J.: 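Just dropping this structure here.
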Amino acid sequence: MEKDCIFCKIINGEIPSDFLYKNDTLVVFKDINPQAPVHLLIVPLKHIRSINDLMQEDKEIVSEMIMTAGEMAKKENIAESGYRLFFNVEKGGGQEVFHLHLHLVGGWK
Ligand code: 5GP
Ligand code: ZN
């Protein structure tokens with residue numbers, strides 16, 4: 001846990017949030033400023049700063065994030081219509097929260 005990290009605070013309950021899904025590796029919650037009708041964030045419990053900080057030992061976390069994104073798309077009924085998954089990496093890549101997260105967006109008409 002990082003002291004000043006907003007996503008660590010969400011994960012440890014310091015900032016109350018509704019989790020759409022939670023397991024031993026990650027949580028899923030809605031983006032506060034949605035860019036699409038469905039905009040979820042898949043966030044590992046482990047504080048990893050960005051894709052650039054991934055270690056070999058984090059392979060399973062990343063794989064679980066992607067698998068969970070697929071499951072969440074089904075739950076949100078956007079699997080068939082289609083969706084986007086993306087990581088913003090560092091400031092130049094649009095990253096604003098420096099705790100790894102995968103965006104799931106979709107649900108456009
Ligand atoms: P980034 O630009 O770092 O890839 O994405 C960060 C995302 O986190 C943004 O889409 C932003 O709207 C979202 N976000 C920032 N603060 C909060 C918060 O306190 N709660 C939730 N649910 N989302 C947040
Ligand atoms: Zn964090």
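Counting convention: from 1, in listed order, for ligands and their atoms alike. Because the structure is a prediction, the values reported are computed rather than measured.
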J.: Specify side chain, backbone, both or neither for Gln35, according to which of its non-hydrogen atoms lie closer than 4.0 Å to ligand 1.
T.: neither
J.: Less than 4.0 Å between a side-chain N and a carboxylate O, is that true for Arg49 and Glu90?
T.: yes
J.: Relative to the Zn ion (ligand 2), which of the N, O or S atoms in His99 is the closest?
T.: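 Per the distance ranking, His99 contributes ND1 as its closest N/O/S atom to the Zn ion (ligand 2).
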J.: I need the minimum non-hydrogen distance between Leu85 and Ala69, along with the two atoms involved.
T.: CD2-CB, 3.6 Å
J.: Tell me which N, O or S atom from His47 is the closest to the Zn ion (ligand 2).
T.: ND1
J.: Looking only at protein heavy atoms, identify the closest one to atom 22 (N) of ligand 1 and say how far it is in Å.
T.: Lys30 O, 2.8 Å
J.: For atom 1 (P) of ligand 1, what's the nearest protein heavy-atom neighbour? Residue, atom name and distance, please.
T.: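 Among all protein heavy atoms, the one nearest atom 1 (P) of ligand 1 is His101 NE2, 3.1 Å.
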J.: Where is the tightest heavy-atom contact between Pro37 and Gly107, given as atom of each residue plus distance?
T.: CG-O, 3.2 Å
J.: So, Glu96 versus Asn88: side-chain donor-acceptor pair below 3.5 Å or not?
T.: no
J.: Taking only heavy atoms of Asn88 into account, list the atoms of ligand 1 that are under 4.0 Å away from them.
T.: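 Those atoms are 1 (P), 2 (O), 4 (O).
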J.: What heavy-atom pair brings Ile78 and Gly106 nearest, and what distance separates the two atoms?
T.: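 So the two residues come closest at CD1-CA, 4.1 Å.
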J.: How are the rings of His39 and Phe86 set relative to one another: parallel (under 30°), tilted (30 to 60°) or perpendicular (over 60°)?
T.: tilted
J.: With a 4.0 Å heavy-atom cut-off (strictly under), which part of Ile10 contacts ligand 1: side chain, backbone, both or neither?
T.: side chain
J.: Any idea which atoms of ligand 1 are less than 4.0 Å away from a heavy-atom of Glu96?
T.: 1 (P), 2 (O), 3 (O)
J.: Strictly below 4.0 Å, N to O, side chains only: are Lys46 and Glu2 in salt-bridge contact?
T.: no
J.: Would you confirm whether Asn23, through its side chain, and Leu26, through its main-chain N or O, come within 3.5 Å as a donor-acceptor pair?
T.: yes
J.: Please report which non-hydrogen protein atom sits nearest to atom 2 (O) of ligand 1, along with the residue it belongs to and the distance in Å to one decimal place.
T.: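 For this ligand atom, the closest protein heavy atom is Gly94 O, 2.8 Å.
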J.: Which residue holds the protein heavy atom closest to atom 7 (C) of ligand 1, what is that atom called, and what is the gap in Å?
T.: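 For atom 7 (C) of ligand 1, the nearest protein heavy atom is Asp31 OD2, 3.4 Å.
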J.: If you apply the rule ring pair (Phe, Tyr, Trp, His ring centres under 6.0 Å), what do you find for His103 with His101, and how did you get there?
T.: CA-CA 6 Å; His103 294 258; His101 51 281; 5.0 Å; yes
J.: Would you name the heavy atoms of Tyr83 and Gly70 that are closest together and state the gap between them?
T.: OH-CA, 3.8 Å
J.: So which bit of Phe7 gets within less than 4.0 Å of ligand 1, heavy atoms only: side chain, backbone, both or neither?
T.: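 Phe7 to ligand 1: side-chain contact only, backbone stays beyond 4.0 Å.
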J.: Would Val97 count as being in polar contact with ligand 1, using the rule that some N or O on each side must be under 3.5 angstrom apart?
T.: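 Looking only at distances, the answer is yes, because the N/O contact criterion of under 3.5 Å is met.
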J.: Output the list of atoms in ligand 1 that are nearer than 4.0 Å to some heavy atom of Asn33, sorted by atom number.
T.: 12 (O)
J.: Which residue supplies the protein heavy atom nearest to atom 17 (C) of ligand 1, what is that atom called, and how far is it?
T.: Ile32 CG2, 3.7 Å
J.: Return the residue, atom name and 0.1 Å-rounded distance of the protein heavy atom closest to atom 19 (O) of ligand 1.
T.: Ile6 CD1, 3.5 Å
J.: Take the Zn ion (ligand 2) as the vertex and measure to SG of Cys8 and SG of Cys5; round to 10°.
T.: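 SG of Cys8 and SG of Cys5 make an angle of 120° at the Zn ion (ligand 2), to the nearest 10°.
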J.: Does a side-chain N-to-carboxylate-O contact under 4.0 Å join Lys30 and Asp18?
T.: no
J.: With heavy atoms only and a cut-off of under 4.0 Å, state how Phe98 meets ligand 1: side chain, backbone, both or neither.
T.: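 It is neither; nothing of Phe98 touches ligand 1.
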